[in-house]
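Here is the structure we will look at.
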Amino acid sequence: MGGGPTSTDEWDTSGIGGSGRRSGGRGASCFVEDGKVPEDVWGGDAYSWSSLRTPWSYGSKGGTTSKEVDYGGGGGGRVKIILKDLLEMNGSLLVDGGDGGSKGGGGSGGSIYIKAHKMTGSGRISACGGNGFGGGGGGRVSVDIFGRHDEAQIYVLGGISHGCPENAGAAGTLYDALP
């Protein structure tokens with residue numbers, strides 16, 4: 001989870017492979033190399049090397065299958081919430097990657113960092129990868145809350161791959177500091 005990003009030769013950087021991109025989890029690629037199965041070929045490795053406890057990275061844009069048109073889904077945003085006392089989480093907090101459709105890779109999920117003394121409500125917190133020709137990797141969520149009275153729904157799922165349904169984007173990371 002820590003350290004620098006892996007070398008760029010480990011994933012499709014050509015921009016025309018329609019691969020999903022990466023953040024907290026690996027993106028999917030539907031192009032199969034000789035001697036490999038689809039599950040062994042990734043669109044993008046996890047690159048969000050910021051702190052697991054305090055993530056602060058944008059998601060990355062998905063790849064495209066065309067040199068003329070950019071079909072890749074956009075990367076997710078980033079959100080930081082630091083409160084002294086109570087967070088009422090009854091709505092949705094989303095930094096999901098954008099969908100790339102059938103001709104572009106899904107964007108990777110972004111980052112959410114929440115620190116508060118208490119949290120109530122059953123809202124939704126999501127940093128999922130976008131769907132596309134290759135699904136985008138899930139993002140990062142860190143929830144540092146001393147006491148919870150309800151359970152918010154938290155998601156860091158990878159996106160669905162339309163070009164190879166058996167090879168979705170990988171899940172991102174969830175850091176839960178609940179004592």
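For the pair Met119 and Ile145, the tightest heavy-atom approach, listed with the atom from each and the gap, is SD-CD1, 3.5 Å. Taking every heavy atom of both residues into account, Ala152 and Ile125 meet most closely at CB-CD1, 4.1 Å. Shortest non-hydrogen contact noted between Tyr71 and Thr65 is CD1-OG1, 4.3 Å. Contact detail for Ser60 and Ser108: the closest heavy-atom pair is N-OG, 2.6 Å.
Remark: Leu87 CG is packed, more than 12 non-hydrogen atoms of other residues, nucleotides or ligands lying under 6.0 Å away.
Residue pairs meeting the side-chain hydrogen bond (donor to acceptor under 3.5 Å, both in side chains) criterion with at least one member in residues 73-98, sequence neighbours excluded, are Tyr58-Arg78, Asp96-Ser126. Within the structure, the side-chain hydrogen bond (donor to acceptor under 3.5 Å, both in side chains) test picks out the following pairs touching residues 153-162 (sequence neighbours left out): Gln153-Tyr155. Here salt bridge (charged side-chain N to carboxylate O under 4.0 Å, His left out) pairs that include residues 104-126, with residues two or more places apart or in two chains, are Lys115-Asp144.
Each of Leu86 and Phe146 belongs to its own hydrophobic cluster when Ile, Leu, Val, Met, Phe, Trp and Tyr are linked at side-chain heavy-atom distances under 4.5 angstrom. When the side chains of ILVMFWY residues are joined at heavy-atom separations under 4.5 Å, either directly or via intervening members, Val156 and Ile81 end up in a single hydrophobic cluster. Both Val79 and Leu83 are assigned to one and the same hydrophobic cluster, defined by single-linkage of ILVMFWY side chains at heavy-atom distances under 4.5 Å.
Judged purely by atom type and a 3.5 angstrom limit, Ser142 has no side-chain atom pairing as donor or acceptor with the backbone of Tyr113. Panel note: side chain Asn131, backbone Asp99; no donor-acceptor pair is recorded below 3.5 Å. A donor-acceptor contact shorter than 3.5 Å is absent between the side chain of Lys103 and the backbone of Ser66. Looking only at distances, no side-chain donor or acceptor of Ser57 sits under 3.5 Å from a matching main-chain atom of Ser111.
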### Task
Start with the C-alpha distance between Val143 and Met89, add both sets of side-chain angles, then the distance that settles side-chain contact (heavy atoms from CB on, under 4.5 Å), and finish with yes or no.
CA-CA 12 Å; Val143 182; Met89 187 63 209; over 6 Å; no
### Task
Determine, stepwise, if the pair Ile114 / Leu93 fulfils side-chain contact (heavy atoms from CB on, under 4.5 Å).
CA-CA 11 Å; Ile114 301 173; Leu93 184 56; 3.9 Å; yes
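Side-chain polar atoms of Arg140 and Thr173 form a donor-acceptor pair below 3.5 angstrom.
Here the CG-CG distance, from Leu174 to Leu52, works out to 9.0 Å after rounding to the nearest 0.5 Å.
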